[in-house]
Amino acid sequence: MASSSLLWLCSSNPLISPATLLKAHPRFPIRQRFRCSLVEPLKFENGKPHFPLLTSDPAFPTFLSPNSHFQNDINKHDTRLRIFSGTANPALAQEIACYMGLELGKIKIKRFADGEIYVQLQESVRGCDVFLVQPTCPPANENLMELLIMIDACRRASAKNITAVIPYFGYARADRKTQGRESIAAKLVANLITEAGANRVLACDLHSGQSMGYFDIPVDHVYGQPVILDYLASKTICSDDLVVVSPDVGGVARARAFAKKLSDAPLAIVDKRRHGHNVAEVMNLIGDVKGKVAVMVDDMIDTAGTIAKGAALLHQEGAREVYACSTHAVFSPPAIERLSSGLFQEVIITNTIPVSEQNYFPQLTVLSVANLLGETIWRVHDDCSVSSTLQ
């Protein structure tokens, strides 16, 4: 039986002789004694090799002929990278997938009558590099819980790596104790994401840098500044007329970095005293803004109390125009009324948080961070550097 099989193999492939098969490695089975010569180099798509299937050839036995269903499945899923979107910002997730040339993964998310969240992946993620796009924007608790259940579903589906892509990280402002007997909710949320099964977090413009240290897993932190800077560079504003303004003392480092990239513009600081949560009172201005175009920079706009009172002070001090730039547009009431009151020439934000149609006003400009996040996802997937080129 063995001799007949050997003769059949030699007759089907004239390059192989019986002497070669018997003398090479007599103790190993015949199936391990072949070496393939590639006619052309392997071609890679999306960072993952494509495995060519055997073509139907009468020289091969019938059990080696290709299976049509298996071939279609391989061609459809020729990459180990999967992107899934929660219900918080599906438009941004779709833009990220379009930039990367991929399709969003199929996922079923619904809520029961009592408010509980149900998540089921509609495709296999076994051994895949999974990215879950879900900002924890308002309603923060709903979106956070949905993210945790999505992570758990991927972990139980045997995903190789799970990255939580959080364009806006809720509870980031609760990053320290300012008074006695307060909680540090940012650390708690970081623990929840880690314990749910995430292997990595990709965040955009965290409220404070120390929030990265709350995670016991790697954190890739990218900034929305390049997107806003590119837009400002397209406007006809003389660099000599620009002044970058920090709306509070805590944002000086952010404003200084922004000013350095904006032709090293001068810096001004609004000094304010906060008497309660979401309540701000402007005291005075540090710096000169008379006759200049003031660009106020902050990481988020919530009720717009800080930035609106700061803009009013800038106009009192002689600023010619005031621009507001922020990555995250939380827009809690009465933010829209304050921003559209005529204090600002333009309010520039990004789409890390979706803006509903009723919250649009003439001075509002929404920029997309999809390309920024998409490029970061590719580099994380390919184990390339992120900070060296995207900061």
Side-chain angles (χ1 to χ4, degrees), residues 168 172-173 204-209 221-274 280-331 335 338-339 341-352 363-367 369 372 387 390-391:
Y168 170 72
R173 286 174 284 185
C204 181
D205 263 332
L206 292 171
H207 184 65
S208 57
H221 186 206
V222 297
Y223 297 91
Q225 283 187 359
V227 178
I228 299 176
L229 286 169
D230 287 345
Y231 176 76
L232 288 176
S234 66
K235 303 183 74 66
T236 58
I237 302 177
C238 181
S239 58
D240 296 334
D241 295 337
L242 279 175
V243 56
V244 176
V245 182
S246 173
D248 54 25
V249 177
V252 171
R254 183 184 304 106
R256 184 187 294 115
F258 194 89
K260 185 177 180 180
K261 296 178 180 179
L262 202 61
S263 302
D264 202 11
L267 183 67
I269 304 170
V270 176
D271 177 34
K272 67 179 176 65
R273 303 293 175 90
R274 187 182 296 276
E281 181 180 353
V282 173
M283 301 300 293
N284 51 33
L285 177 68
I286 304 172
D288 181 25
V289 298
K290 188 174 182 180
K292 293 185 178 292
V293 177
V295 178
M296 302 188 72
V297 180
D298 208 350
D299 63 318
M300 70 175 70
I301 299 177
D302 190 357
T303 61
T306 298
I307 204 165
K309 290 185 178 181
L313 178 64
L314 294 176
H315 282 293
Q316 292 176 9
E317 296 293 330
R320 190 169 79 243
E321 293 177 350
V322 178
Y323 288 80
C325 300
S326 178
T327 304
H328 310 299
V330 182
F331 285 177
R338 290 170 173 171
L339 295 174
S341 61
L343 291 172
F344 300 96
Q345 180 74 16
E346 191 172 1
V347 178
I348 305 168
I349 62 172
T350 69
N351 61 344
T352 56
Q363 297 89 355
L364 183 65
T365 299
V366 182
L367 307 177
V369 294
L372 177 69
S387 61
L390 294 179
Q391 305 301 340

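For the pairing with C204, the side-chain contact (heavy atoms from CB on, under 4.5 Å) check across V227, T327, T350 returns one residue only, T327. Checking I269, T306, V297, I301 one by one against P247, the side-chain contact (heavy atoms from CB on, under 4.5 Å) holds for a single residue, T306.
Judged by distance alone, with hydrogens and angles left aside, the side-chain atoms of N351 form a donor-acceptor pair with the main-chain N or O of V369 at under 3.5 Å. Of the possible donor and acceptor atoms, one in the side chain of R320 sits under 3.5 Å from a partner among the backbone N and O of G291. Without hydrogens or angle criteria, K292 side chain to D240 main chain gives a donor-acceptor distance under 3.5 Å. Formation of a donor-acceptor pair under 3.5 Å by the H328 side chain with backbone atoms of D205 is found in this model.
Atom CG of residue L262 and atom CD1 of residue I228 lie 11.0 Å apart, to the nearest 0.5 angstrom. With rounding to the nearest 0.5 Å, the separation of NZ in K235 from CG in L242 is 11.5 Å. Note that the NE2 atom of H207 and the CZ atom of R254 stand 7.0 Å from one another [nearest 0.5 Å]. Here the straight-line distance linking atom CZ of F331 with atom CG of D302 works out to 10.5 Å at 0.5 Å rounding. Taken to the nearest 0.5 Å, the SG atom of C325 stands 11.0 Å off from the CD1 atom of I349. To the nearest 0.5 angstrom, T365 atom OG1 is 10.0 Å from L232 atom CG.
Heavy atoms only, all atoms of each residue included: A319 and A294 are closest at CB-CB, 4.4 Å. Closest of all the heavy-atom pairs between H221 and L206 is NE2-N, 2.8 Å. H315 approaches L343 most closely through the heavy-atom pair NE2-O, 2.7 Å. Annotation for A172 and S208: closest pair O-OG, 4.5 Å, computed over non-hydrogen atoms. Considering all non-hydrogen atoms of both residues, R338 and A308 come closest at CB-CB, 4.1 Å. Listed here is the closest heavy atom pair of D288 and K290: OD1-N, 3.2 Å.
Annotation: side chain of E321 is not in contact with side chain of I237 (no heavy-atom distance under 4.5 Å).
Applying the side-chain contact (heavy atoms from CB on, under 4.5 Å) test to A324 and every residue at least two apart in sequence or in another chain returns I307, F344, V347.
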**OP:** Report the C-alpha separation of Q316 and L285 in whole Å, then their side-chain angles, then the decisive distance to 0.1 Å, and conclude whether the side chain to side chain contact (heavy atoms under 4.5 Å, CB included) test is met.
**Re:** CA-CA 10 Å; Q316 292 176 9; L285 177 68; over 6 Å; no
